[in-house]
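Values in this document were obtained by computation on a predicted structure and should not be read as measured data. First the proteins, then the strands, lettered A, B, ... as listed; each starts at 1.
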Amino acid sequence: MPLLEGLRLALREIANHKLRSFFTLLGIIVSVAFLVAVVAIIQGMNAYVRENLAGAIVGRNAFQIRRIPISVGLIDDEEWRELQRRPVIRPEEADYVSRAIPDAEAIALQSGWPTPMADVSWRNRTVGDVLVVGVTAPYQVVQDYETAAGEPLTEIDVRERRRVAILGFDVADKLFDNFDAAIGRRIRVRGFQVAVKGIVEKKGTVLGQSMDGFVMLPLTLFEAMYGRRQTTVISVKMPEAAQVADAMLRAEEAMRIARQLRPGQANDFTVDTAEGLITFWQNLTRIIFTVVPAVVAIGIVVGGIVIMNIMLMSVHERTREIGIRKSVGARRTDIQQQFLAESVALATLGGLLGIVAGWALAQLVAVVSPLPARITWWSVSVALGLGASIGLIFGVYPASRAARLDPIAALRFEQ
Amino acid sequence: MTRDGSLIRVSGLTREYRMGAETVHALRGVDMEIYRNEYVAIMGPSGSGKSTLMNIIGCLDTCTVGEYWLNGVEVSGVGDDELARIRNQEIGFVFQTFNLLPRATALHNVELPLIYAGVSAKIRRRCAAQALERVGLADRMQHRPNELSGGQRQRVAIARGLVNEPSILLADEPTGNLDSTTSAEIMGVFDGLHQQGQTVVMVTHERDIAARARRVITLLDGRVHSDTVREAA
């Protein structure tokens with residue numbers, strides 16, 4: 001029997017038993033949907049971390065010189081003690097770096113982690129839990145901040161320790177009805193009076209977290225209010241992504257000179273990009289990627305057994321049909337192919353439905369939660385391949401049983 | 001008639017079944033020869049072995065001992081796939097219970113043997129339509145078996161038996177499930193086919209049905225009891 005004929009027959013048989021076919025396939029559909037959805041969400045988050053999160057934290061085409069690396073990961077006590085012995089990054093060291101990288105777009109200092117939070121109030125309005133950051137003027141370039149109203153911080157603001165502040169969009173939005181009227185107003189940050197100098201254009205959210213809920217102060221003012229942080233960071237922004245790697249090497253050298261480290265002596269600082277963050281994230285998702293296939297495999301095998309069971313039932317029900325086909329000249333292989341085609345078509349259909357369901361699920365998650373979703377072609381092809389091979393593997397036994405039926409007994413068979 | 005016209009030749013045909021501890025001797029050495037263009041009725045009471053003989057002639061079953069030559073080819077001892085090929089090309093079956101695929105149209109039922117013969121869809125359709133016309137069902141091609149009367153179903157079955165232009169048309173109690181008027185109608189179809197040169201072998205236990213055949217072979221206890229040829233009228 002030609003393959004096309006077998007396929008046509010299989011599809012008709014499935015169409016004749018729509019509900020039964022659907023329930024047969026439920027296991028496969030759920031497993032495949034789970035696979036596709038989970039992979040889509042993880043892939044979406046990977047891309048998101050790479051494209052948005054990393055940029056938002058470190059800045060585009062930027063790297064940082066830090067006391068403690070970004071990648072938290074798994075650090076043992078010994079390493080932690082080692083990190084704690086490192087000296088704090090000093091503002092003078094930023095000068096060494098800027099001399100070593102004259103082509104940098106911006107080199108900034110910023111107060112590090114943990115970022116303090118404070119209430120910010122104007123007249124009778126108060127916004128709680130606002131992140132307070134102390135920065136030098138170039139930090140605004142590193143972060144690609146656009147000014148929505150007023151003016152950005154300047155070097156003079158920092159040098160003179162002026163009592164001025166730049167507000168994040170959300171903070172300004174909650175305190176003032178009119179941005180232009182807000183400029184020059186005196187607000188209170190943790191009780192300190194500062195004048196609003198500028199408002200930063202909306203940055204949006206990353207993973208559901210607003211990037212606009214901050215108050216930016218001159219680093220000098222910040223240190224007067226909170227004391228010098230142990231975690232001050234130097235940020236360097238390059239004009240092109242391709243220049244970052246080379247600039248990082250030069251920054252490392254400059255820092256070693258600044259700290260008078262001898263050759264062979266280990267760095268007591270870290271030059272880091274958001275790569276570290278991405279690597280940490282990928283290590284995390286790798287664990288999920290090893291667990292998901294195991295769960296899916298169990299579901300698929302159970303789904304396959306259900307298919308086998310239904311196919312056995314179908315063979316039994318259609319004993320007479322098999323007898324008829326054999327009596328008019330169907331060979332064993334013809335019967336075997338017919339039932340194999342049916343189980344493969346059935347399971348592949350399950351895979352297809354699972355892909356659709358998984359895609360819908362991923363989209364739903366993307367809509368109702370901040371988690372992004374991205375369907376990848378490889379998860380779709382794995383799902384389809386899985387469906388087809390499950391149909392093949394679990395279809396062999398029922399199909400060979402059908403093929404082995406004795407034609408005379410099959411013709412006499414009564415339901 | 002000469003030996004050259006011999007279509008079926010069986011000798012010493014024996015068939016035993018094991019049923020638990022017992023051995024059932026369905027056939028105990030049958031010898032016979034059927035020639036081209038013959039119209040043979042095989043008669044006998046229940047358990048005489050006529051269905052077993054029919055199954056062996058139709059290549060659905062194989063004998064335990066003996067020889068079976070069909071169209072000059074020894075069939076006893078060939079493999080499963082070869083038996084399927086012979087059923088497909090040499091034999092047309094008509095069963096008492098019609099044995100049509102219930103969900104398929106009359107046309108598709110008739111096409112079935114051609115599918116396994118590897119005939120292309122276009123030719124298949126044409127041949128099946130011609131076969132249905134031969135049995136007078138040109139206007140019922142798209143009907144399913146449950147939309148047809150008993151007589152019409154049996155005509156579809158006959159068309160299916162004919163569609164591959166087989167050497168023998170084998171009918172097993174073809175009128176067993178039909179009323180007398182319809183039976184006569186169906187027997188008319190067989191008569192017509194025989195007149196067109198088709199070899200027909202029919203198993204029946206009804207005397208008046210057997211009377212339409214030119215030759216009647218009677219089986220008793222797995223042996224040929226009588227073999228009579230009616231003189232042409």
Among B:R85, B:R103, B:E82, B:Q89, which has the most heavy-atom pairs under 4.5 Å with chain A?
-> B:R103

Quick one: pull up CD1 in A:I335 and OH in B:Y116 and give me the separation to the nearest 0.5 Å.
-> 4.5 Å

Side chain, backbone, both or neither: which part of B:N99 has a heavy atom under 4.5 Å from chain A?
-> both

Atom group of B:L100 that falls short of 4.5 Å from chain A, counting heavy atoms = backbone

Minimal heavy-atom distance between B:D81 and A:R331, with the atoms involved, is OD1-CB, 3.8 Å

Are any non-hydrogen side-chain atoms of A:E5 and B:E111 less than 4.5 angstrom apart?
-> no

Once you round to the nearest 0.5 Å, how far does CG of A:L411 lie from CD of B:Q96?
-> 12.5 Å

Near A:W378 CH2, under 6.0 Å, is it more than 12 heavy atoms from other residues, nucleotides or ligands?
-> yes

Can you tell me if CD on B:Q196 sees more than 12 non-hydrogen neighbours from other groups inside 6.0 Å?
-> yes

Give, for atom OG1 of A:T333 and atom CG of B:D80, the distance between the pair rounded to the nearest 0.5 Å.
-> 10.0 Å

Answer yes or no: are there more than 12 heavy-atom neighbours, outside A:R401 itself, under 6.0 Å from its atom CZ?
-> no

May I ask you to check whether over 12 heavy atoms, not counting those of A:R412, lie within 6.0 Å of atom CZ?
-> no

Measure the CG-CG distance between A:L9 and B:L101 for me, rounded to the nearest 0.5 Å.
-> 8.5 Å

Kindly give the heavy-atom pair with the smallest separation between A:R320 and B:T97, and that separation in Å.
-> NH2-OG1, 2.8 Å

A:F23, CZ atom: more than 12 neighbouring heavy atoms under 6.0 Å | no

Shortest non-hydrogen separation from A:A330 to B:A84 and the atoms involved | O-CB, 3.8 Å

Where A:G329 and B:N88 come nearest, the two heavy atoms and their spacing | CA-CB, 3.6 Å

Taking everything shown except B:E74 itself, do over 12 heavy atoms lie less than 6.0 Å from its CD?
-> yes

Just wondering, do A:K326 and B:L60 contact through their side chains at under 4.5 Å, heavy atoms?
-> no

